[in-house]
Protein chains: 2
Amino acid sequence: MAKSKNTEQKIFDAATELFLEKGVDRTSVREIANKAGINLALMNYYFRSKENLFDAIFTMLVKKNTRKLIKILDSDLGLEEKIRKYVEAYIDMLTENPLLVSFVMAIVHRSQERITQMKAISSLYSTPKFAQQVFDESKKGHIKPTSPTQLFVDMLSLITFPFAIKLLIMDKTSYDEAHFQAFMEERKQRIPDLLLLSIKKHEE
Amino acid sequence: MAKSKNTEQKIFDAATELFLEKGVDRTSVREIANKAGINLALMNYYFRSKENLFDAIFTMLVKKNTRKLIKILDSDLGLEEKIRKYVEAYIDMLTENPLLVSFVMAIVHRSQERITQMKAISSLYSTPKFAQQVFDESKKGHIKPTSPTQLFVDMLSLITFPFAIKLLIMDKTSYDEAHFQAFMEERKQRIPDLLLLSIKKHEE
DNA sequence: TCAGGATTTAAACTTTGTTTAAAACATCTA
DNA sequence: TAGATGTTTTAAACAAAGTTTAAATCCTGA
């Protein structure tokens with residue numbers, strides 16, 4: 001167990017860098033081995049397969065980047081502030097890690113079956129506290145009767161999907177990177193406004 | 001050019017069936033050749049590559065399924081009715097063709113660069129009439145000042161993304177297929193309500 | 001009819017991810 | 001210390017994938 005930890009880490013690091021840089025599919029195992037300066041077979045020795053290595057890296061990335069989001073969801077903030085903070089933090093996160101989006105898309109498209117078993121993703125979408133909060137506020141009559149699931153799916157959709165079709169948006173609107181960034185910045189206000197409006201009482 | 005059209009069609013049909021059934025990545029060229037009853041090399045003779053064949057099939061599928069959607073967007077319906085009709089038709093379309101979702105995700109994730117060049121997709125998201133309509137109604141003061149792009153992205157996100165994370169939703173809520181269908185059925189009301197509320201004037 | 005282009009075929013090629021079996025290394029015990 | 005044992009590393013081969021090649025066959029028009 002002397003150099004072992006080291007080799008495993010070398011593979012992990014090289015693969016992470018390559019996956020983020022060129023995408024999983026366009027990165028070959030031989031390339032990873034090369035970059036890590038190790039023998040080809042060691043990838044399969046330490047991780048059972050390339051797919052497995054991908055899972056490990058993806059889990060690490062999600063964990064590293066979503067702690068803040070989960071903390072917000074589980075906090076004691078009021079619903080409005082919670083939603084505003086969550087949307088902002090989520091958009092910031094995806095802006096800083098654009099490749100997480102394509103990673104998620106990769107998962108969605110390649111491993112539909114496995115997606116529910118990936119604890120990292122699963123925990124990201126686990127929202128008992130948030131759901132309870134929506135339920136309670138509904139009950140107390142502070143907001144309209146609202147399905148927590150619908151509300152949460154609305155929120156996720158409005159945040160995430162625009163990143164997935166980023167290039168399409170940029171193409172259709174002739175935006176450059178800066179414009180798109182401004183577009184998403186605008187959504188930090190827009191999305192909470194939209195969601196809060198929909199659950200607020202007393203309007204017509 | 002005797003049997004040629006026939007062979008090309010046989011490949012196209014066999015591939016379509018297999019792609020839809022098992023996904024693109026899990027379908028090998030040899031399998032397609034087998035099912036079509038043709039020689040392996042003919043796939044590359046008629047379509048230049050498997051990727052190309054996929055593009056052709058995808059374009060066909062999108063065209064076939066989105067005519068109705070485009071027609072609605074380009075119609076003379078009022079904004080409210082247009083949005084309601086569009087959302088309903090779109091959700092119906094994705095419900096009936098669940099594989100179109102993963103196809104879109106595949107494109108988004110594998111071909112970010114090419115996505116804007118795919119006319120089928122591009123035209124689906126081309127909304128000059130809708131944008132004009134939103135712009136005019138804003139100007140006339142019938143609705144709040146609204147960015148057509150933001151509104152359209154909102155709508156697309158709310159419709160499409162839930163299908164992308166379908167398994168995740170089903171897992172988290174212990175839904176079965178029927179439940180999920182009902183969940184999306186509910187969204188046919190919910191999404192237009194949400195969007196219309198956000199552009200309506202005079203509230204609060 | 002037969003020349004020439006289009007189509008089809010069998011075979012090989014390249015690049016994937018993965019496995020194997022032996023070699024090298026490290027560790028622990030008699 | 002020497003040897004046995006388990007771990008790590010290596011070179012080589014494997015299977016399956018998409019693609020290409022070059023020859024064979026078919027078809028059509030002059």
Side-chain angles (χ1 to χ4, degrees), chain A residues 1-59 102-103 106-107 109-114 118, chain B residues 1-59 102-103 106-107 109-114 118:
Chain A
M1 213 209 277
K3 225 184 154 193
S4 91
K5 190 80 193 256
N6 217 323
T7 298
E8 186 173 350
Q9 196 62 42
K10 274 195 276 183
I11 297 170
F12 191 91
D13 292 344
T16 303
E17 207 169 315
L18 286 170
F19 284 174
L20 286 176
E21 183 186 319
K22 352 179 6 188
V24 185
D25 293 334
R26 276 189 270 267
T27 302
S28 76
V29 171
R30 281 165 181 82
E31 224 174 335
I32 296 171
N34 223 37
K35 175 153 199 157
I38 54 101
N39 182 278
L40 172 63
L42 287 176
M43 193 281 280
N44 290 79
Y45 178 76
Y46 284 101
F47 306 87
R48 294 195 326 274
S49 65
K50 186 188 176 187
E51 197 67 16
N52 221 53
L53 172 57
F54 170 74
D55 282 4
I57 291 174
F58 183 75
T59 299
S102 60
F103 266 42
I107 298 262
H109 139 256
R110 294 198 310 191
S111 332
Q112 278 280 13
E113 322 79 31
R114 280 192 307 118
M118 302 193 75
Chain B
M1 211 210 275
K3 228 183 149 194
S4 91
K5 189 80 192 256
N6 217 321
T7 297
E8 186 173 350
Q9 197 61 42
K10 275 195 275 183
I11 297 170
F12 191 91
D13 293 344
T16 303
E17 206 169 315
L18 287 170
F19 284 174
L20 286 176
E21 184 185 318
K22 352 179 5 188
V24 184
D25 292 334
R26 275 189 270 266
T27 302
S28 77
V29 171
R30 281 165 181 81
E31 225 174 335
I32 297 171
N34 224 35
K35 175 155 200 154
I38 53 102
N39 183 278
L40 172 63
L42 288 176
M43 193 281 280
N44 287 83
Y45 178 74
Y46 284 102
F47 306 87
R48 292 196 327 276
S49 66
K50 186 188 176 186
E51 195 70 17
N52 223 53
L53 172 58
F54 169 75
D55 281 4
I57 290 174
F58 182 76
T59 299
S102 59
F103 268 41
I107 296 266
H109 140 256
R110 294 201 305 197
S111 334
Q112 278 281 8
E113 322 81 30
R114 281 190 307 121
M118 302 193 75

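Naming convention: chains lettered A, B, ... in sequence-line order (proteins, then strands); numbering from 1 in each chain.
Contact record, B:L40 with B:A33: CA-CB, 3.9 Å, taken as the closest heavy-atom pair.
Between A:N6 atom CG and D:dT7 atom P there is a gap of 19 Å when expressed in whole angstrom units. The CZ-P distance, from B:F54 to D:dT19, rounds to 14 Å in whole Å. Following rounding to the nearest Å, B:N34 (CG) and D:dG18 (P) show an atom-to-atom distance of 13 Å. Atom CG of B:L42 is separated from atom C1' of C:dT9 by 8 Å (rounded to the nearest Å). Rounded to an integer number of Å, the gap from B:L53 CG to D:dG18 P is 11 Å. Between the P atom of D:dT19 and the CD1 atom of B:I32 lies a distance of 10 Å, rounded to the nearest Å.
With rounding to the nearest 0.5 Å, the separation of CG in A:D55 from CZ in A:F58 is 9.0 Å. Note that CD1 of A:I32 is 12.5 Å distant from CG of A:L42, once rounded to the nearest 0.5 Å. Taking CD1 of B:I11 as the reference point, atom CD1 of B:I38 lies at 4.0 Å (rounded to 0.5 Å). Here the OG1-CZ distance, from A:T7 to A:F12, works out to 15.0 Å after rounding to the nearest 0.5 Å. If you take OH on A:Y46 and CG on A:L53, they are separated by 13.5 Å, rounding to the nearest 0.5 Å.
Distances shorter than 4.0 Å separate some side-chain N or O of A:T7 from OP1 or OP2 on D:dT9.
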Contact pattern, 5' to 3', of nucleotides 11-23 of chain C - B, S or - by protein heavy atom under 4.0 Å: -----BBBBB---
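Counting heavy atoms from C-beta on, the side chains of B:V24 and B:K50 come closer than 4.5 Å.
The stretch residues 11-22 of chain B has no heavy atom under 4.0 Å from DNA chain D, so no residue of it qualifies as close.
Evaluation of the side-chain hydrogen bond (donor to acceptor under 3.5 Å, both in side chains) test over residues 29-41 of chain B, restricted to residues two or more places apart or in two chains, returns B:E17-B:K35, B:K22-B:E31.
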